[in-house]
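We use all heavy atoms of the structure for the numbers below, so side chains are in, but hydrogens, waters and symmetry mates are not. Convention: sequence-line order gives letters A, B, ...; per-chain numbering from 1. For clarity, every value in this text was computed on a predicted model and none was experimentally measured.
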Number of protein chains: 2
Amino acid sequence: MIMKYKTVIVDDHPIVISGISGLLSDLENIEIVEKFESGIVLLDYIEDNKVDLILMDIFLPVINGVDLCKTIKQKHPKIVIIGMSSQSERSLVMQFIQNGGNGYILKNASFDEFKECIYKAIDGEIVFSEEVKTIISQPLSEDLERIPGLSRRERDIALLLSQGKSTQEIADDLFLSFLTVQTHRRNILQKYKMKNVAELIAFLLKNNMLN
Amino acid sequence: MIMKYKTVIVDDHPIVISGISGLLSDLENIEIVEKFESGIVLLDYIEDNKVDLILMDIFLPVINGVDLCKTIKQKHPKIVIIGMSSQSERSLVMQFIQNGGNGYILKNASFDEFKECIYKAIDGEIVFSEEVKTIISQPLSEDLERIPGLSRRERDIALLLSQGKSTQEIADDLFLSFLTVQTHRRNILQKYKMKNVAELIAFLLKNNMLN
DNA sequence: GGAACAATACCTGATAAAATGTATTTTTTA
DNA sequence: TAAAAAATACATTTTATCAGGTATTGTTCC
């Protein structure tokens, strides 16, 4: 008896579900056991049934693919999850992988790509379809845009701000005057045209400018 | 004439440089053209010399591997960069890839792993050594720790806070009373025991709880 | 149908941050 | 070595946040 990988497809477009199941039907060791149009139903299903592989759309109603992946991986880390979408955005792919995804395929990928990605993913690889690889490995200049960096002192202060410290606490930590810290704060906010510290921290973290 | 990939190794441990160059010396189409112990020197070098592949330690003095990779990729997106370290941490690997890295290898990887990763990376793949793959694809429960989530309204408000909006602006945006927004703010801060909004935003972003 | 949670709203005092203007010293770099 | 950038510091006014307590009305889930 051949062991088949029990596979589930989740996509809110029936036409896509049918397309993918057609593509996968001639893969020998893949057995499509279910097809869902919503993540919530999937969550119920995997509680009661063995699943080895999930192919899921990233843009789903109610619960999005990233959160869905995260939720599943918490309880079932062994399930291999491959994300799919029509268009791809760098940060989205990374977020998906960061939340436990085992790979990411663009829906315009060829049958061969699908096949190869799925086999490799089952084998423990982290897989990406061709176009996704290009997107990831050749980041557009906008992704790595040159933003004028923080000076060393500004960085120190921004880091402490992100830890919830007040101006006075930062001054004490760094053995500076309250007024000096106040000036640095202002300079940082002005440099990036941020309205307040909350927006600043969000900006810095999203651009990997802290740590 | 065989085209060889001009390769540079960057590591602040001479012993590691020698080890890796030993490993790579019998790869046919890899030519080690330089070895550096610091990222700054590397940056100068690539301005004047053709480089195809860089193997770099992540923990470098002065400038760390992630920033170094980012800086290089901005100007030279075609250069393939593989990160290396002795121990691996999930978030660090992801950060490296997010900043343009083409792969990540743990230094305890076998020669075969090194070889395979390097060839695949040159071929356009995003590569990870075995142990890294395991770390990424089977996230520890702590990585996906279940933090009590934000309610829908709290999420709306947190998102607007991360955009630098004030309580009054949020109230206007969501057609709520100023006082209601104030209550939500307080509830969110209390839920995660955060001192202020700056710390909260940092926390939420680091745990992928916004977006 | 009742408990638990979520969303809404109000009040107030203390504290902190933001906006604005200025200025000196030190360090880096062209 | 001169110019530029960074770090330091002071003073004040206005505005916003934080922390405390309280309460009503929907929702959602056993």
Checklist outcome for this item: Separation of C/dA17 atom P from A/Glu199 atom CD, nearest Å, is 17 Å

Next on the checklist: Ring-plane angle category for A/Tyr192 and A/Phe203, please: parallel below 30°, perpendicular beyond 60°, tilted otherwise.
Outcome noted: tilted

Item to check | Side-chain heavy atoms of A/Leu27 within contact of A/Phe114, under 4.5 Å | outcome: no

Checklist entry - Whole-Å distance between D/dA5 P and A/Arg152 CZ? => result 17 Å

Checklist entry - Under 3.5 Å, is there a donor-acceptor pair between the A/Asn99 and A/Gln95 side chains? => result no

Checklist entry - Rounded to whole angstroms, how far apart are CG on B/Leu161 and C1' on D/dC18? => result 13 Å

Item to check | Protein-nucleotide distance (B/Arg155, atom CZ; C/dA6, atom P), rounded to Å | outcome: 14 Å

Checklist entry - Whole-Å distance between C/dA19 P and A/Met194 CE? => result 13 Å

Checklist entry - Any ion pair linking A/Lys120 and A/Asp123 (charged N to carboxylate O, less than 4.0 Å)? => result no

Next on the checklist: Nearest to the side chain of A/Glu154, heavy atoms from C-beta on, is which of D/dC18, D/dA7, C/dA7?
Outcome noted: D/dA7

Next on the checklist: Below the 4.0 Å mark, does D/dT8 have OP1 or OP2 next to a side-chain nitrogen or oxygen of A/Arg153?
Outcome noted: yes

Checklist entry - For the pair made of NZ in B/Lys193 and P in D/dC18, what is the distance, rounded to whole Å? => result 17 Å

Checklist entry - Is A/Lys107 paired with A/Asp57 through a side-chain N to carboxylate O contact shorter than 4.0 Å? => result yes

Item to check | Integer-rounded Å distance: D/dG20 C1' and B/Leu189 CG | outcome: 14 Å

Next on the checklist: At a heavy-atom distance below 4.0 Å, what parts of residues 163-173 of chain B sit against DNA chain D?
Outcome noted: B/Ser166, B/Thr167

Checklist entry - Among residues 174-188 of chain B, which contact DNA chain D at a heavy-atom distance under 4.0 Å? => result B/Gln182, B/Arg185, B/Arg186

Item to check | Side-chain ion pair, B/Arg153 and B/Asp156, N-O less than 4.0 Å | outcome: yes

Next on the checklist: The test is side-chain contact (heavy atoms from CB on, under 4.5 Å); show your working for A/Thr7 and A/Ile118 and say whether it passes.
Outcome noted: CA-CA 11 Å; A/Thr7 301; A/Ile118 289 168; over 6 Å; no

Checklist entry - Under 4.5 Å between any side-chain heavy atoms of A/Ser86 and A/Leu106, yes or no? => result no

Next on the checklist: If I take atom CD1 in residue B/Ile157 and atom C1' in nucleotide C/dT8, what distance separates them, rounded to the nearest angstrom?
Outcome noted: 10 Å

Checklist entry - Heavy atoms, side chains only, cut-off 4.5 Å: are A/Arg185 and A/Val197 in contact? => result yes

